[in-house]
Amino acid sequence: MSGLTRQQMADAIARRFQDDWIVNLGVGIPTMCSNTPITADIIYHSENGVIGYGPLTAPGEEDMHLVNAGGQHVTLKPEAAVVHHADSFAIIRSGRIDVTVMGAYEVAATGDFANWKVAGAKGGGIGGAMDLAACAKRVFIILEHTQRNGAPRLLSHCALPITARGVVKLVATNYGLFEPAGTAFNLVAIAPGITVEQIRAATGAPVHIPDNLSTIAV
Amino acid sequence: MSGLTRQQMADAIARRFQDDWIVNLGVGIPTMCSNTPITADIIYHSENGVIGYGPLTAPGEEDMHLVNAGGQHVTLKPEAAVVHHADSFAIIRSGRIDVTVMGAYEVAATGDFANWKVAGAKGGGIGGAMDLAACAKRVFIILEHTQRNGAPRLLSHCALPITARGVVKLVATNYGLFEPAGTAFNLVAIAPGITVEQIRAATGAPVHIPDNLSTIAV
Amino acid sequence: MNRRSKLYPDFPSAIHGIEDGATIGFGGFAMPGVPFNLMQALQHSPARNLTCVANTTGGAALPRMPDIGHLVERGMVRKVICAFTAATRASEQLPFTKYHESGEVEAELVPQGTLAERLRAAGAGIPAFYTPTAVGTELALGRETRIFDGREYLLEPALPLDYAFIRAHRADAAGNLRFRRSQRNFNPIMAMAARIVIAEIENDIEPAGSFDPDDIHLAGIFVHRLVVIPPAPAGLWPQLREPKS
Amino acid sequence: MNRRSKLYPDFPSAIHGIEDGATIGFGGFAMPGVPFNLMQALQHSPARNLTCVANTTGGAALPRMPDIGHLVERGMVRKVICAFTAATRASEQLPFTKYHESGEVEAELVPQGTLAERLRAAGAGIPAFYTPTAVGTELALGRETRIFDGREYLLEPALPLDYAFIRAHRADAAGNLRFRRSQRNFNPIMAMAARIVIAEIENDIEPAGSFDPDDIHLAGIFVHRLVVIPPAPAGLWPQLREPKS
């Protein structure tokens with residue numbers, strides 16, 4: 001896999017977080033955002049009702065009553081509070097999550113994305129993704145730019161069943177940072193060592209390149 | 001006022017309470033039910049979220065943070081728990097109140113009753129009465145049998161705007177205990193010193209008298 | 001912490017910036033949990049055309065504490081949304097009644113449980129819900145109802161607030177709140193329904209982390225401004241009611 | 001006290017009387033708060049044609065603890081209602097999947113927040129509500145939607161339960177419960193949605209009055225049966241997950 005590592009993709013997203021944001025991190029690469037050293041003072045929210053959690057618990061020091069939405073044992077910050085599941089999703093649905101960061105199978109230039117059901121499957125794994133996607137102030141997506149066979153994951157339209165329509169504001173892949181812009185993606189910043197041609201070839205939608213293209217600091 | 005005193009009317013209702021009932025007492029005479037010595041082990045619920053309150057607080061020992069729905073200072077029983085207003089009415093709407101005892105201006109043989117708005121008024125005082133009336137398993141009403149001018153309060157149909165339709169199961173007045181039965185009231189028990197003729201004359205609906213009419217113990 | 005302190009030095013500064021036309025919810029039920037000090041400060045603010053949401057317009061019992069009726073008397077209120085907009089006894093009259101009857105102030109009378117649930121819905125991102133309460137009554141006239149499982153229900157909209165004024169027993173610096181006994185009542189749900197939450201606190205603000213995270217009644221993310229209530233007489237505290245005659 | 005004790009001596013007696021066709025909700029999220037011991041006892045009960053409600057059908061992570069998948073494997077389940085009815089990775093497969101794909105067991109896939117709110121609605125006497133979640137997705141196909149203030153919402157029905165199986169940290173004799181940390185999750189709302197609530201408790205039952213009334217997470221009026229979890233290995237306790245490959 002060329003371009004950014006998984007942690008660097010998470011870093012590129014986490015550096016966009018702003019003071020006082022309430023942030024919900026999805027399972028997988030998004031969780032790595034909490035490893036990024038940033039100066040913004042943010043509050044992590046987890047679907048299972050933990051508000052204000054901190055870094056992962058050191059091995060051997062796990063609190064068996066305390067996990068984040070990915071089932072990982074986490075620590076609590078001094079401002080932490082615990083609520084039940086209905087109140088936790090009250091926070092989500094009422095628009096209080098400033099950003100939700102999620103993985104996905106596909107993202108479309110329309111701002112649609114798909115992350116709950118694979119092709120041909122009966123059933124799916126939605127978890128809190130649809131609530132978060134429909135209600136958070138911002139949806140940021142982190143995903144590998146292509147499938148293992150090289151097929152693009154950034155598309156004009158999603159082929160898989162979508163999680164929410166027209167909500168994605170920012171996408172981080174190993175190739176760069178992108179904004180869905182309707183019929184095309186805007187390239188916001190490019191990964192070191194990646195070329196615009198590589199991106200165009202690996203993207204299933206038009207890509208607009210800005211005049212002064214910045215490179216992602218790693 | 002002839003027949004039962006206010007406390008005796010409350011007693012006649014309270015003696016119907018059964019073990020494990022969750023009971024909500026309205027402002028006024030219904031509150032007096034908690035003075036009745038009964039063997040049934042009941043739990044008092046108050047709209048403001050107090051579950052398991054006990055007798056009124058002795059003068060000088062009031063807890064300024066603790067009142068019942070009538071604003072009276074009450075004590076707590078060992079099993080007491082406090083919830084917020086939305087959870088308190090969740091208890092009510094989900095049908096967990098075994099009986100609500102309320103005052104009223106009028107009760108109809110249809111089971112309708114009126115207790116939130118006086119004739120000609122703009123606005124009204126509903127409080128939790130409509131939620132309780134619509135959702136409690138049983139609605140018991142305590143009221144004087146007649147208005148001060150002698151006009152009946154037990155009617156074929158309510159003249160005042162109703163609180164809920166067809167919900168009243170039992171009515172205590174100073175003249176006796178009554179069950180709304182559609183087009184008439186069934187007299188369940190009569191107050192000592194009151195005659196059937198007095199009741200018929202003071203009631204704005206037909207009254208069925210049982211073959212073996214019992215007298216309320218006072 | 002880059003976070004700005006939530007602590008304000010006094011009540012006037014804590015309620016700064018309330019816009020004309022704002023919708024404000026006031027917590028409290030009877031005496032406990034009513035934000036008397038914030039309501040008193042609001043009386044002296046320039047805000048007008050307010051919509052005021054609370055259990056009652058107030059003024060039925062003595063001693064009379066700051067209530068919506070006072071705001072109405074000062075001409076600050078366009079509309080009230082309450083479970084009590086008139087006295088329940090024909091022999092009593094609320095201070096609000098004459099302004100209501102003259103048409104000077106609009107009133108929306110809402111059953112208490114519906115009021116609580118409409119606030120809760122606003123705080124939970126639910127735009128509308130169905131309730132069995134008030135079906136078949138004057139309050140349902142002309143309103144949309146629907147049958148579920150053979151029973152009739154009334155459609156009720158969420159009731160979002162611009163501001164919630166609340167009162168709590170204890171707060172930490174992160175804004176996590178604890179209420180004491182029946183002081184809790186409407187306060188947490190008013191807060192969750194509001195964009196900006198202003199809380200008067202009965203004790204000094206404690207450091208973040210002073211409360212067990214399991215024992216917080218309202219999480220700090222809902223609370224924007226805190227102000228500590230001074231001892232009486234500078235601060236207003238619940239009083240014993242005079243018994244009704 | 002004429003009140004019958006809520007304490008049961010063991011898990012089989014605590015789950016007695018579950019009827020064929022019952023709808024049972026199971027609290028818990030990941031490991032914390034899952035009623036492992038009650039679920040294990042249920043596997044050995046004669047109940048059939050169950051509808052099972054939980055966050056997940058289970059079995060995706062190791063060690064595998066008692067879950068809905070085990071009930072499905074024993075032919076006890078007619079339908080599941082969950083936020084996860086299949087694995088999120090194409091490379092994984094849940095134990096439930098083959099029963100679902102063969103049509104042996106029905107599945108209703110519900111977004112987690114909608115699941116929580118449908119349970120909360122059942123416990124709050126709300127038959128249906130509107131939510132923005134899932135609008136425009138496959139889950140909304142053929143479903144009733146409605147516009148409020150220019151935004152589209154989906155109508156969702158309450159999800160009432162016959163039984164809730166829950167797990168709590170502490171209980172008093174009145175059934176008042178306290179949960180610890182993220183153990184709370186679905187447990188209180190499952191309980192409020194149910195006719196009969198059966199709770200496994202991690203500590204000995206304490207006398208009524210042991211908890212401050214302000215610090216009770218689920219009031220005893222919602223809780224019908226209590227059973228104390230013995231120490232391992234007789235009792236089942238949360239385990240550390242093996243890290244995902």
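Residue numbering restarts at 1 for every chain, and letters A, B, ... go by the order of the sequence lines.
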**Fill in**
So, the part of C:A121 with a heavy atom under 4.5 Å from chain A: the answer is neither

**Flag side-chain contact, heavy atom, 4.5 Å: C:M192 against A:D87** = yes

**Asked** Do any of residues 91-123 of chain A have a heavy atom less than 4.5 Å from a heavy atom of chain C, and if so, which, in residue order?
**Response** A:I91, A:R93, A:S94, A:R96

**Message:** Please check this pair: side chain of C:N176 against backbone of A:E79, looking for a donor-acceptor N/O pair closer than 3.5 Å.
**Reply:** yes

**Closest heavy-atom pair and its distance - C:I216, A:A81** = CD1-CB, 3.7 Å

**Asked** Stepwise, does the side chain to side chain contact (heavy atoms under 4.5 Å, CB included) test hold for C:R4 with A:D19?
**Response** CA-CA 10 Å; C:R4 203 169 40 212; A:D19 273 339; over 6 Å; no

**Residue, of C:G209, C:A124, C:A122, that accumulates the most heavy atom pairs under 4.5 Å with chain A** = C:A124

**Prompt:** Checking heavy atoms, do the side chain of A:L66, its backbone, both or neither come under 4.5 Å from chain C?
**Reply:** neither

**Prompt:** What's the spacing between A:I43 CD1 and C:I221 CD1 if we round to 0.5 Å?
**Reply:** 7.0 Å

